[in-house]
Protein chains: 2
Amino acid sequence: MKRDSRLSGVLHVLLHMAEHSGPATSEVLAKAMSTNPVVIRRIMAGLREQGYVRSEKGHGGGWTLARDLAEITLRDIYDALGRPSLLAMGNRTEAPGCLVEQAVNTALDKAFHDAEALLLARLGEVTLAALSADFHARLTARSGSLTTEFDHA
Amino acid sequence: MKRDSRLSGVLHVLLHMAEHSGPATSEVLAKAMSTNPVVIRRIMAGLREQGYVRSEKGHGGGWTLARDLAEITLRDIYDALGRPSLLAMGNRTEAPGCLVEQAVNTALDKAFHDAEALLLARLGEVTLAALSADFHARLTARSGSLTTEFDHA
DNA sequence: GCTTCATGTAACTTCATATGTTACATAAGG
DNA sequence: CCTTATGTAACATATGAAGTTACATGAAGC
């Protein structure tokens with residue numbers, strides 16, 4: 001199962017934007033994420049609709065945060081991405097009339113639902129500000145300069 | 001994200017085997033699951049190695065349960081399948097040296113790990129016997145005959 | 001023995017989807 | 001009006017589950 005890394009990617013981008021003064025272009029963010037500018041725009045489009053970021057065209061344009069990091073939880077970002085399925089496993093739906101399948105699916109669904117609920121609750125507890133604070137803690141722990149550590153490549 | 005339905009499929013097959021007197025051939029199980037016999041064999045191969053089922057070739061051959069349903073939990077089956085990833089979401093690993101990515105991944109990993117642990121715990125609480133009991137309860141609730149309800153098609 | 005029925009397995013195709021790329025339209029500075 | 005940026009469609013690629021075909025292996029019945 002290939003795992004969806006969009007949530008991880010978006011959070012990465014948003015934190016980089018927070019460290020960036022002024023609008024950050026898709027190209028700059030793409031370089032930092034070793035990906036393509038179009039991928040950045042595609043991911044950010046959903047966030048813009050939800051009001052988490054703003055975009056501006058033309059000279060001096062790019063992406064800026066529209067809210068304080070303390071107001072955004074990981075759950076918010078997950079929702080803004082369209083709530084992609086969290087679990088890699090699902091039920092067969094070939095024969096929903098089969099009572100055996102119903103028994104199996106009912107049991108699995110319960111376990112799956114509980115796990116999803118816990119995960120969503122955990123994501124709701126963490127703000128981007130907390131992640132940013134963790135980042136800065138790691139930064140000082142390494143005693144490196146911001147610009148140096150900021151580079152990926 | 002396409003979801004892996006092997007666990008659901010295997011449980012379905014095992015419960016059908018429990019209702020089946022004598023060895024069930026891959027072809028019979030495949031028909032009940034509306035899939036291909038080879039898919040059945042592929043999935044069952046792992047279970048055989050773990051001692052949950054036996055297979056016999058030739059006339060009168062097929063698959064039989066090697067243990068009591070009460071001794072097998074959903075977690076056991078999950079393990080026998082090779083513990084495929086439970087979560088559909090993962091971390092980017094493009095720039096593991098990036099402190100921003102480290103902060104993001106640490107937070108996500110924690111949430112993911114908690115959810116996985118809960119799910120595995122839940123799976124460990126449910127035995128195949130419990131699922132079978134649920135199936136039989138549904139059967140009597142519908143007041144149908146076993147042979148009729150057993151058919152998918 | 002030989003035929004038949006079944007599993008065992010490799011190799012291939014198909015399908016879904018995240019990800020990456022190209023191309024071009026649109027809008028805002030200068 | 002040229003440059004810079006986003007916006008988006010269209011296409012390409014990669015991965016992995018699921019399905020299929022083909023053939024080998026082994027056990028029962030004749």
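In this text, all values refer to a predicted model and were calculated from it rather than measured experimentally. All chains are named by letter (A, B, ...) in the order of the sequence lines, taking the proteins before the strands, and each is independently numbered beginning at 1.
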Which is true for B/Asn36 with a 4.0 Å heavy-atom rule: it touches a base, it touches only sugar-phosphate, or it touches nothing? base
Does A/Ser26 put a side-chain nitrogen or oxygen below 4.0 Å from OP1 or OP2 of D/dA5? no
For the residue pair A/Trp63 and A/Pro23, establish whether any side-chain heavy-atom pair is separated by less than 4.5 Å. no
Output for pair (A/Ser132 OG, A/Ile72 CD1), nearest 0.5 Å, gives 11.5 Å
Nearest-Å distance, CD (A/Glu27) to P (D/dA5)? 7 Å
Please state whether the phosphate of C/dA6, meaning OP1 or OP2, lies under 4.0 angstrom from any side-chain nitrogen or oxygen of B/Thr25. no
Anything under 3.5 Å between a donor and an acceptor, one on a side chain of residues 120-127 of chain B, the other on a protein residue two or more places apart or in another chain? List them.
{"from": "B/Arg122", "atom 1": "NE", "to": "A/Asp114", "atom 2": "OD2", "distance (Å)": "2.7"}
{"from": "B/Arg122", "atom 1": "NH2", "to": "A/Asp114", "atom 2": "OD2", "distance (Å)": "3.3"}
{"from": "B/Thr127", "atom 1": "OG1", "to": "B/Ala129", "atom 2": "N", "distance (Å)": "3.4"}
{"from": "B/Thr127", "atom 1": "OG1", "to": "B/Ala130", "atom 2": "N", "distance (Å)": "3.1"}

In this structure, how many angstroms lie between the C1' atom of C/dA18 and the CG atom of A/Leu86, rounded? 16 Å
Closest contact, heavy atoms only, B/Gln50 versus B/Arg67: O-NH2, 3.4 Å
Give, ordered by number, those residues of residues 37-58 of chain B having at least one heavy-atom distance below 4.0 Å to an atom of DNA chain D; if nothing qualifies, reply none. B/Val38, B/Val39, B/Arg42, B/Lys57, B/Gly58
Going by chain and number, the hydrophobic cluster around B/Val38 (ILVMFWY, side chain to side chain under 4.5 Å) further includes none
Nearest-Å distance for atom pair NZ/C1', residues A/Lys31 and C/dG20: 16 Å
Check: residues 75-91 of chain B side-chain donor-acceptor pairs under 3.5 Å, at least two apart:
{"from": "B/Arg75", "atom 1": "NE", "to": "B/Asp79", "atom 2": "OD1", "distance (Å)": "3.3"}
{"from": "B/Arg75", "atom 1": "NE", "to": "B/Asp79", "atom 2": "OD2", "distance (Å)": "3.4"}
{"from": "B/Asp76", "atom 1": "OD2", "to": "B/Thr73", "atom 2": "N", "distance (Å)": "2.9"}
{"from": "B/Asp76", "atom 1": "OD2", "to": "B/Thr73", "atom 2": "OG1", "distance (Å)": "3.2"}
{"from": "B/Tyr78", "atom 1": "OH", "to": "B/Pro84", "atom 2": "O", "distance (Å)": "2.7"}
{"from": "B/Asp79", "atom 1": "OD1", "to": "B/Arg83", "atom 2": "NE", "distance (Å)": "2.9"}
{"from": "B/Asn91", "atom 1": "ND2", "to": "B/Asp109", "atom 2": "OD1", "distance (Å)": "2.6"}
{"from": "B/Asn91", "atom 1": "ND2", "to": "B/Asp109", "atom 2": "OD2", "distance (Å)": "3.3"}

Answer with base, sugar-phosphate or nothing: what part of the nucleic acid does B/Gly60 contact at a heavy-atom distance below 4.0 Å? nothing
C/dT7 P sits how many Å from B/Met17 CE, rounded? 11 Å
Heavy atoms within less than 4.0 Å of DNA chain D: which residues of residues 75-83 of chain A have one? Give them sorted by number. none
Could you state the atom-to-atom distance from CG of A/Leu29 to P of D/dG7 in whole Å? 13 Å
Separation of atom CZ in B/Arg3 from atom P in D/dA17, rounded to whole Å: 15 Å
Residue pair B/Pro84/A/Trp63 against DNA chain D: nearer the 5' end by closest nucleotide is A/Trp63
If every non-hydrogen atom of A/Gly22 is compared with every non-hydrogen atom of A/Thr64, which pair is closest and at what distance? C-CG2, 4.2 Å
Under the side-chain contact (heavy atoms from CB on, under 4.5 Å) test, which residues partner B/Glu56, sequence neighbours left out? none
A/Thr35 vs A/His59, nearer the 5' end of DNA chain C by closest nucleotide: A/Thr35
Using a 6.0 Å cut-off, check whether atom CD of A/Glu71 has over 12 heavy atoms from anything other than its own residue. yes
